[in-house]
Colleague: 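Before I ask anything, let me first share the structure, which is written out below as structure tokens.
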Amino acid sequence: MNLIILGPPGSGKGTQSQFLKEQYNLMHLSTGDLFRDEITKQSPVGKKAQTYVNKGQYVPDEITNEIISNTLKDIKHNFILDGYPRTISQVASLDKVLTSLNETLSMVLYLDINEETVIKRLSSRVTCPQCKAIYNLNFLPPKITGICDNDGVKLIKRIDDSDEKTIINRLKTYKVATAPLVDSYQERGLLRTVDANQDNSDIKKQIKSYLSSLKGNKNNG
Ligand code: ADP
């Protein structure tokens with residue numbers, strides 16, 4: 001099954017992708033994680049992406065499309081795309097790659113959430129730079145403050161989560177560039193809306209129930 005998880009920053013795309021990856025044995029492809037890793041390595045792509053990511057702006061489509069197309073050509077199927085596509089041009093590029101691979105999208109899960117909840121969540125989010133686990137100091141705290149439950153690595157706050165101005169900037173960019181994708185996938189009959197204001201366990205339940213409707217899904221029930 002080939003999935004997209006769509007929603008504003010802080011809607012829980014990364015958290016739900018981790019769950020989907022484990023539950024359905026999917027490859028999790030997060031553009032945000034990909035860019036952050038390239039920035040840490042200071043690779044040519046990382047150097048180009050850095051200023052955009054840190055300011056909460058989108059990395060130009062040519063750079064993003066290229067890195068994702070190359071990765072998808074290796075993975076081919078059984079993936080969850082988290083943070084891609086985010087613009088209409090990225091939708092077109094993804095369609096082209098999938099056609100060349102003879103693959104189709106199974107479903108687009110849209111995490112629908114209130115803006116106030118997003119701002120609260122992002123300002124208290126911390127992540128593990130190694131395994132990419134996501135915690136929230138108020139909602140999903142680690143067992144030991146500041147330390148990742150999985151690997152004992154020190155948790156960090158992302159630069160783009162550090163001040164309210166950058167968070168608001170990301171929300172604005174999302175509304176202009178990415179929100180129109182919701183209608184586009186709705187028209188194609190692929191969109192399923194998840195109420196992301198709920199508790200984590202209820203969100204998972206809703207996602208599971210949508211996915212159980214997919215034909216050939218071994219994990220039904
Ligand atoms: P969030 O969904 O919380 O904003 P991500 O980790 O998905 O966080 O993305 C972090 C940043 O990486 C974005 O603000 C943007 O700069 C860059 N980025 C991620 N995905 C894309 C994309 N599809 N197109 C352009 N830039 C992207």
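The analysis underlying the following values was restricted to heavy atoms, covering all of them including side chains, and did not include hydrogens, waters or symmetry mates. Whatever order the structure lists them in is the order used to number ligands and atoms, beginning at 1.
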Colleague: Applying the side chain to side chain contact (heavy atoms under 4.5 Å, CB included) criterion to N136, which one of S124, P142, S123 satisfies it?
Modeller: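 When side chain to side chain contact (heavy atoms under 4.5 Å, CB included) is applied between N136 and each of S124, P142, S123, only S124 qualifies.
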Colleague: Show which side-chain atoms of residues 69-79 pair as donor or acceptor with protein atoms under 3.5 Å away, not counting sequence neighbours.
Modeller:
residue : atom : partner : partner atom : Å
S69     : OG   : N65     : O            : 2.6
N70     : ND2  : E66     : O            : 3.3
T71     : OG1  : I67     : O            : 2.6
N78     : OD1  : M1      : N            : 2.5

Colleague: Polar contacts were defined as any N/O atom of the residue lying under 3.5 Å from an N/O atom of the ligand; does this apply to Y58 and ligand 1?
Modeller: no
Colleague: Hey, is R125 close enough to D161 for a salt bridge, meaning N to O under 4.0 Å?
Modeller: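 D161 and R125: salt-bridged.
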Colleague: Only heavy atoms count here, so choose which of Q50, R86, R36 is nearest to atom 22 (C) of ligand 1.
Modeller: R86
Colleague: So does L98 have more than 12 non-hydrogen atoms from other groups sitting under 6.0 Å from CG?
Modeller: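 Buried by this count: over 12 neighbours within 6.0 Å.
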Colleague: Below 3.5 angstrom, do we get any N/O pair linking K13 and ligand 1?
Modeller: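 Checking ligand 1 against K13, an N or O pair does fall under 3.5 Å apart.
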Colleague: Hey, which atoms in ligand 1 end up nearer than 4.0 Å to a heavy atom of R170?
Modeller: 1 (P), 3 (O), 4 (O)
Colleague: As a test of understanding, state which of D37, D33, T127 forms a side-chain hydrogen bond (donor to acceptor under 3.5 Å, both in side chains) with K132.
Modeller: D37
Colleague: Can K132 be said to touch ligand 1, with heavy atoms closer than 4.0 Å?
Modeller: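 Distance cut 4.0 Å: K132 fails for ligand 1.
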Colleague: Can you give each donor-acceptor pair under 3.5 Å made by side-chain atoms of residues 147-154, sequence neighbours left out, with the distance rounded to 0.1 Å?
Modeller:
residue : atom : partner : partner atom : Å
D149    : OD1  : K143    : N            : 2.8
D151    : OD1  : V153    : N            : 3.2

Colleague: Run the numbers for me: atoms of ligand 1, each under 4.0 Å from some heavy atom of G83, listed by number.
Modeller: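 This gives 20 (N), 21 (C), 22 (C), 23 (N) as the contact atoms.
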Colleague: For V59, which part has a heavy atom under 4.0 Å from ligand 1: side chain, backbone, both, or neither?
Modeller: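 The part of V59 near ligand 1 is both the backbone and the side chain.
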Colleague: Which of the numbered atoms in ligand 1 are under 4.0 angstrom from any heavy atom belonging to R125?
Modeller: 3 (O)
Colleague: Any idea which atoms of ligand 1 are less than 4.0 Å away from a heavy-atom of T64?
Modeller: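 Near T64, meaning under 4.0 Å from one of its heavy atoms, ligand 1 has 22 (C), 23 (N), 24 (N), 25 (C).
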Colleague: For ligand 1, note which part of Q57 has a heavy atom under 4.0 Å away: side chain, backbone, both or neither.
Modeller: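 Under 4.0 Å from ligand 1, Q57 contributes backbone atoms alone.
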Colleague: Provide the number and element of each atom of ligand 1 under 4.0 Å from a heavy atom of F35.
Modeller: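 Counting atoms of ligand 1 from 1, those under 4.0 Å from F35 are 17 (C), 18 (N), 27 (C).
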Colleague: Near Q57 CD, under 6.0 Å, is it more than 12 heavy atoms from other residues, nucleotides or ligands?
Modeller: yes
Colleague: So for R158, does at least one of its heavy atoms come nearer than 4.0 angstrom to any atom of ligand 1?
Modeller: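 Right, R158 reaches ligand 1.
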Colleague: Does a salt bridge link K175 with E115, judged by any charged N lying under 4.0 Å from a carboxylate O?
Modeller: yes
